[in-house]
Amino acid sequence: MQLLAQIRQRFAPVLKALLTSVESNGTAPSLETLLGMIRPAQNAQFGDYQANFAMPLAKPLGMKPAEIAQQVSATVDLQGLCSEVSVAGPGFINLKLADDFLCQQANRAFGDSTSLPLDQAGLIKVDRLGVSAPNSRENIVVDFSSPNVAKPMHVGHIRSTVIGDSLAKVCRYLGHQVITDNHLGDWGTQFGMIIYGFRNFGNEAAYRAAPVPELSRIYRYVRRLMDCLEKLRDLPKWEQALGTAKERVATCQQELTALEPTSDKAAQKAARKNLADAQLQVSELEELIHKAQQQLRQAAQDESFSRDLVEHAHLHEAVLAETSKLHAGAPENLQLWHEILPHCHDEIDRVYQRLNVEFDHCLGESFYHDRLAPLVALLKRQGLVRESEGAQCVFLDQFDAPMIVQKRDGAFLYATTDLATIQYRVEHWKPNRVLYVVDHRQSEHFDKLFAVAQKMGHEQVQLVHVSFGTVMGNDGKPFKTREGDTVGLEGLIDDAVAKALEVVAKLDEAKDGGPEFTAEQRQAIAETVGVGALKYGDLSQNRTSDYRFDFNQMVALEGNTATYLQYSFARVNGIFSKAETTPEAIRSNQAAIRLTNDAERTLLLALIRFQDALEEVLVDYRPNLLCNYLFELTQEFFRFYNRADCRVVGAEPDVQASRLAMCDLMARTIKTGLALLGIKVVGKM
RNA sequence: GCCCCGGUAGCUCAGCUGGAUAGAGCAACUGACUUCUAAUCAGUAGGUCGCAGGUUCGAAUCCUGCUCGGGGUACCA
C-alpha cells in the first residue's frame, strides 16, 4: 500500500484552500511541492512522518510558520490514520500513525496471498503483499547487460546486468509492462578477430571436443597478438614522447628558477604546476614503456608467438577486413559466424544462469544490420544528415562534434545501430520509456542519440540513460588482475562462492548441536550466499559513483550485506520450526497482528513502508534505495528478535499468533525484496 | 581548450528534488550465548561534509569562484 500518498491526500484539501488565499501573490510553491515536503521523519523521536511545508508558506501567507502549522494541524482530517499531530520547532508538523491503522495495513499485507510474476514467462513469482497497482501502467523497455558475445564476460558487465535486472523486476512488480532486451554485441570487430583467429590459429580437434574453451582461447590469442603489435607500433612514439616530456621538465625547471627572485606568486604557482604536470607525464610514459617492454620481452621468449607476430604483422587490417566481409555478406564468413555464434551464446548463458538473470529478448547488433542502410536513407529523407569529411553526419546544435551514422568507407557505427534499435522498439513494442543501463562514459553518446531520436520524431517515448560508475580495484584504478587483464566474471563468482563456502562450513561446524548440513547443502547455501553477496555489493552502492570492488569486504558476509538479509529470513524460519508451525499454517490460521510493545511497532512501521520504498527506487532508478530499505527493515527485525519482551515462542497464545504473523510478513517482505534485487534466500544457514 | 561526474569518520560509502543534533558498515573499545541459529544485539569513541563567498527562517544538499581527482571529447563500442 502507498502510505505516503494516503497521508498526502489528507493534507491536499487543506493546502489547496490555503493556496487559493495567496492567489494574488504568485510566489507560493505549488501544491505538489508542498505535499512533497511530507515525508518519513528523519529522526524517530519526532514521530513517524513530518510535514515541513509551513516554513515556505510563511512569506506568501504573511503569517508565522508556527501559526500556519498550528492552523493546518487543527484543520486537517487525519481520522483513522494518525493518533498524534504536533507542531515543533519553527513549524514542523510531526505525525504519528495510529496503532490501529498500522495493524490494519500490516494485516492487509499479511493477508494478501496473491502472487505476481517477475518475469515475462511467469516462472518467478513473488507475493504481492498488498502492493497496489500503479496510477498509470506503462510499457517499459529495459536494455541492459549487452556484453560482447565473442569474449568472456568480465567484471565490467556485472553492474549493468545486476542493476538492469533489478530495475526491470521492480518495474514489473509495481505493475508495469516490462520488456527486457539484451542488446548483444554479436556483429562487431570481435567477430572479425575470432573468424581470423579460427582460420589461422584454430585447433580443429580441440574445437570439436570443447568449442567454447577453444573459441575463448582463440579470442585471447588474437587479442594478445594485437596488443603486442600495438605496443611494437607505439613504443617508438612513446619513447619520442618521453624525450619531449623530459625536455619539457627541464624547460619548466628553468622557468621556475627564473621566476624565483620575483614576487609574482601566481606566476610561480603556475610554473610549479607546469613542472608537476610535466614530471607526471614523464613518470606515466616511463611506466607505459616499461610495461610494454616487459610484455614484448615475454613475447620474445615464446617462439611460436614471436613467429606469429612476424607472420601476422598486419593483423589489425586483416581483422577489419574479415569484419567488413562478414558485414558485406561474404558466404564463407557468414557461415563461420553462424557456426560460432551458438557457442558464444552458450558461454554467456552459463554466466546468466549462474546469476539467475533472464531476458525476454536478446536482439543483438546483428539483428539490426539490414536495417542500417534504410535508416540512414530515412535520415537523409528527413534532411537530418549532412556529409562532412566523407562521413554521413547528423549535426546537433548542442554539440561540437556531430553524430556520425556512416563512416567514410561506407560502414555503419554503433550510433547507427542504436538508432535502428530505437526505431524497431518503438514500432514493435510501443514503449513509454526505454531505460539504457550503460556505464557513464557513454553519456555523451546517449545525449546525442536521444537528441537525434527526438529529431526523427520519437518524441513520445522517454529515453533514459541509467548510467553507472566504473568498477575500481582496491588501488582505486579500474579493476584489473595483477597481470593487467580484465577480471573474468565467472572466476569472480567462483571466488565469491568459495569464500561463502568457507564461512558456511565454519559456522556450521561451530553449531551447538554439531554440524547439520551435508556437503551438498553447504554448497547450495554457499552458491546463494556468494552470488547474493556479489550482487548486493554492487546494488547497495549508489549507481552513479565509481564502485570500489573490495573482495574481502564483499565476502565479509556481515554488516550491510545480502548475507545479513538472508540470515534474517533463515532466523524467521528457525522461529517457525521452534514453534512447530509453517508459514502456510500461520496464514490459514488468520491470526490478527496486534501491538504489545514499541519494538513490534517499529518493525511493523518498516514493513508497511515496502511499497513506498519501491516507488522511491523508480524515481531515479536507484536499486540502492531498496537495499537501504531492506537493511533498515532487517535491523528492526533483529532488534525485535533480540528483545526479551519480544519472544515469539512461548508468548501468550494470541500474542504468539500475532508475532508469528509479523514474522511471516517479515520473511515474505525480505524474500520479495531480495527477489527484486535478483537475490535468493535459503531456509537455513 | 570545452563538456560531464565526484571530494562526507582511520577505511569503504549512504545522505544531495534544502529541514530539527550529518548516518551506516568495516576497523578500535565495552557488554550480552542454561535463550526463537552470536553471520546477531546493546553501548563507547571517532567529522571545520575539499576551500571561499552567495541565496534564506534554515545549506552536506541550491548558485558562483577556486582547488584536487576521474571520465568524455569526428568516423571503436
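Letters A, B, ... are given to chains in the order of the sequence lines, protein chains preceding strands, and every chain is numbered from 1.
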Checklist entry - Counting any heavy atom closer than 4.0 Å, what does Glu389(A) reach on the DNA or RNA strands: base, sugar-phosphate only, or nothing? => result base
Checklist entry - So which one's nearest nucleotide on RNA chain B is more toward 5', Asn573(A) or Met55(A)? => result Met55(A)
Checklist entry - Can you find a side chain N or O atom of Tyr567(A) that sits less than 4.0 Å from OP1 or OP2 on A39(B)? => result yes
Checklist entry - Does any donor-acceptor pair link the side chain of Asn94(A) with the base of A20(B) at a separation under 3.5 Å? => result yes
Checklist entry - Rounded to the nearest Å, what distance is computed from the NE2 atom of residue His440(A) to the P atom of nucleotide G6(B)? => result 10 Å
Item to check | Euclidean distance, atom CD of residue Gln656(A) to atom P of U35(B) [Å, nearest integer] | outcome: 18 Å
Checklist entry - Does OP1 or OP2 of G19(B) have a side-chain N or O of Arg39(A) closer than 4.0 Å? => result yes
Next on the checklist: Using a 4.0 Å heavy-atom cut-off, does Pro65(A) contact any base of the nucleic acid, only the sugar-phosphate backbone, or nothing at all?
Outcome noted: nothing
Next on the checklist: Rounding to an integer number of Å, can you tell me how far Tyr629(A) OH sits from G23(B) P?
Outcome noted: 22 Å
Checklist entry - For Phe395(A), which contact category applies under a 4.0 Å heavy-atom criterion: base, sugar-phosphate, or nothing? => result base
Item to check | Closest nucleotide among A24(B), A39(B), U17(B) to the Leu557(A) side chain | outcome: A39(B)
Next on the checklist: Taking donor-acceptor contacts at under 3.5 Å, does the side chain of Glu516(A) reach the base of U37(B)?
Outcome noted: no
Item to check | Listed nucleotide nearest any side-chain atom of Arg639(A), set A20(B), C41(B), U21(B) | outcome: C41(B)
Next on the checklist: What is the distance, to the nearest angstrom, from the CZ atom on Phe631(A) to the P atom on A39(B)?
Outcome noted: 16 Å
Next on the checklist: For Phe468(A), does the six-membered ring have the charged nitrogen or CZ of Arg543(A) within the cation-pi criterion, i.e. under 6.0 angstrom from the centroid and within 45° of the normal?
Outcome noted: no
Next on the checklist: Looking at Lys59(A), I'd like to know whether one of its side-chain N or O atoms comes within less than 4.0 Å of OP1 or OP2 on C57(B).
Outcome noted: yes
Checklist entry - Which one, A14(B), C76(B), C26(B), comes nearest to the side chain of Glu558(A)? => result C26(B)
Next on the checklist: When both hydrogen-bonding distances must be under 3.5 Å and the geometry is Watson-Crick or G-U wobble, what is G6(B) paired with, if anything?
Outcome noted: C68(B)
Item to check | Spacing between Lys448(A) atom NZ and C4(B) atom C1', to the nearest angstrom | outcome: 13 Å
Item to check | Arg522(A)/Glu509(A) ion pair, N-O < 4.0 Å | outcome: yes
Checklist entry - Pick one: which of Asp508(A), Val529(A), Thr528(A) meets side chain to side chain contact (heavy atoms under 4.5 Å, CB included) with Met685(A)? => result Val529(A)
Item to check | Sugar-phosphate only, base, or nothing, as touched by Gly188(A) at under 4.0 Å among non-hydrogen atoms | outcome: nothing
Item to check | Counter-base of A28(B), judged by Watson-Crick or G-U geometry with both distances under 3.5 Å | outcome: U44(B)
Next on the checklist: Taking atom types as they are modelled, would you say the side chain of Ser388(A) forms a donor-acceptor pair with the base of A74(B) within the 3.5 Å cutoff?
Outcome noted: yes
Checklist entry - Taking the six-membered ring for Trp, is the centroid-to-centroid distance between Tyr564(A) and Phe638(A) below 6.0 Å? => result yes
Next on the checklist: Does A38(B) have its OP1 or OP2 closer than 4.0 Å to a side-chain nitrogen or oxygen of Arg571(A)?
Outcome noted: yes
Checklist outcome for this item: With the side chain defined as heavy atoms from C-beta on, Val503(A) is closest, among G71(B), A39(B), C57(B), to A39(B)
Next on the checklist: So Phe638(A), base contact, sugar-phosphate only, or nothing? Heavy-atom distance under 4.0 Å.
Outcome noted: sugar-phosphate
Item to check | Side chain of Arg441(A) (C-beta onward), nearest among G72(B), A39(B), A77(B) | outcome: G72(B)
Checklist outcome for this item: Of the listed G25(B), A39(B), A74(B), the closest approach to the Met685(A) side chain comes from A39(B)
Next on the checklist: Determine whether the aromatic ring of Phe92(A) stacks with the base of G19(B), defined as ring centroids separated by less than 5.5 Å and ring planes inclined by less than 30°.
Outcome noted: no
Next on the checklist: Side chain of Cys393(A) only, heavy atoms from C-beta on: which candidate in A74(B), A20(B), A14(B) is closest?
Outcome noted: A74(B)
Next on the checklist: On RNA chain B, compare the nucleotides closest to Asp400(A) and Asp546(A); which residue's is nearer the 5' end?
Outcome noted: Asp400(A)
Checklist entry - For the side chain of Gln50(A), counting heavy atoms from C-beta on, which of G19(B), A38(B), C41(B) is nearest? => result G19(B)
Checklist entry - Across all strands shown, which nucleotide pairs with U35(B) by Watson-Crick or G-U wobble geometry, both distances under 3.5 Å? => result none
Checklist entry - Nearest-Å distance, CZ (Arg643(A)) to P (U35(B))? => result 20 Å
Checklist entry - Taking the side chain of Gln442(A) as its heavy atoms from C-beta onward, which of G19(B), C41(B), A77(B) lies nearest to it? => result A77(B)
Checklist entry - Base, sugar-phosphate alone, or nothing: which one does Leu507(A) contact when heavy atoms must sit under 4.0 Å apart? => result base
Checklist entry - In whole angstrom, what separates Asp620(A)'s CG from C16(B)'s C1'? => result 11 Å
Next on the checklist: Please report the distance, rounded to the nearest Å, between CG in Asp645(A) and P in A42(B).
Outcome noted: 14 Å
Checklist entry - Which part of the nucleic acid, if any, lies within reach of Ala570(A) when heavy atoms closer than 4.0 Å are counted: base, sugar-phosphate only, or nothing? => result base
Next on the checklist: Within the 4.0 Å heavy-atom criterion, would you say Asn148(A) contacts the bases, only the backbone, or no part of the nucleic acid?
Outcome noted: nothing
Checklist entry - In terms of side-chain heavy atoms, does Asp186(A) have a donor or acceptor partner in Ser366(A) at a distance below 3.5 Å? => result yes
Checklist outcome for this item: Quick note, Val504(A) side chain, CB onward, closest among A39(B), G25(B), C76(B) is A39(B)
Checklist entry - Could you state the interatomic distance from CE (Met193(A)) to OG1 (Thr189(A)), rounded to the nearest 0.5 Å? => result 8.5 Å
Next on the checklist: If you compare all heavy atoms of Thr596(A) against all heavy atoms of Arg659(A), which two are closest, and at what distance to 0.1 Å?
Outcome noted: OG1-NH2, 3.1 Å
Checklist entry - Parallel under 30°, tilted from 30 to 60°, perpendicular over 60°: which one fits the rings of Phe11(A) and Phe53(A)? => result perpendicular
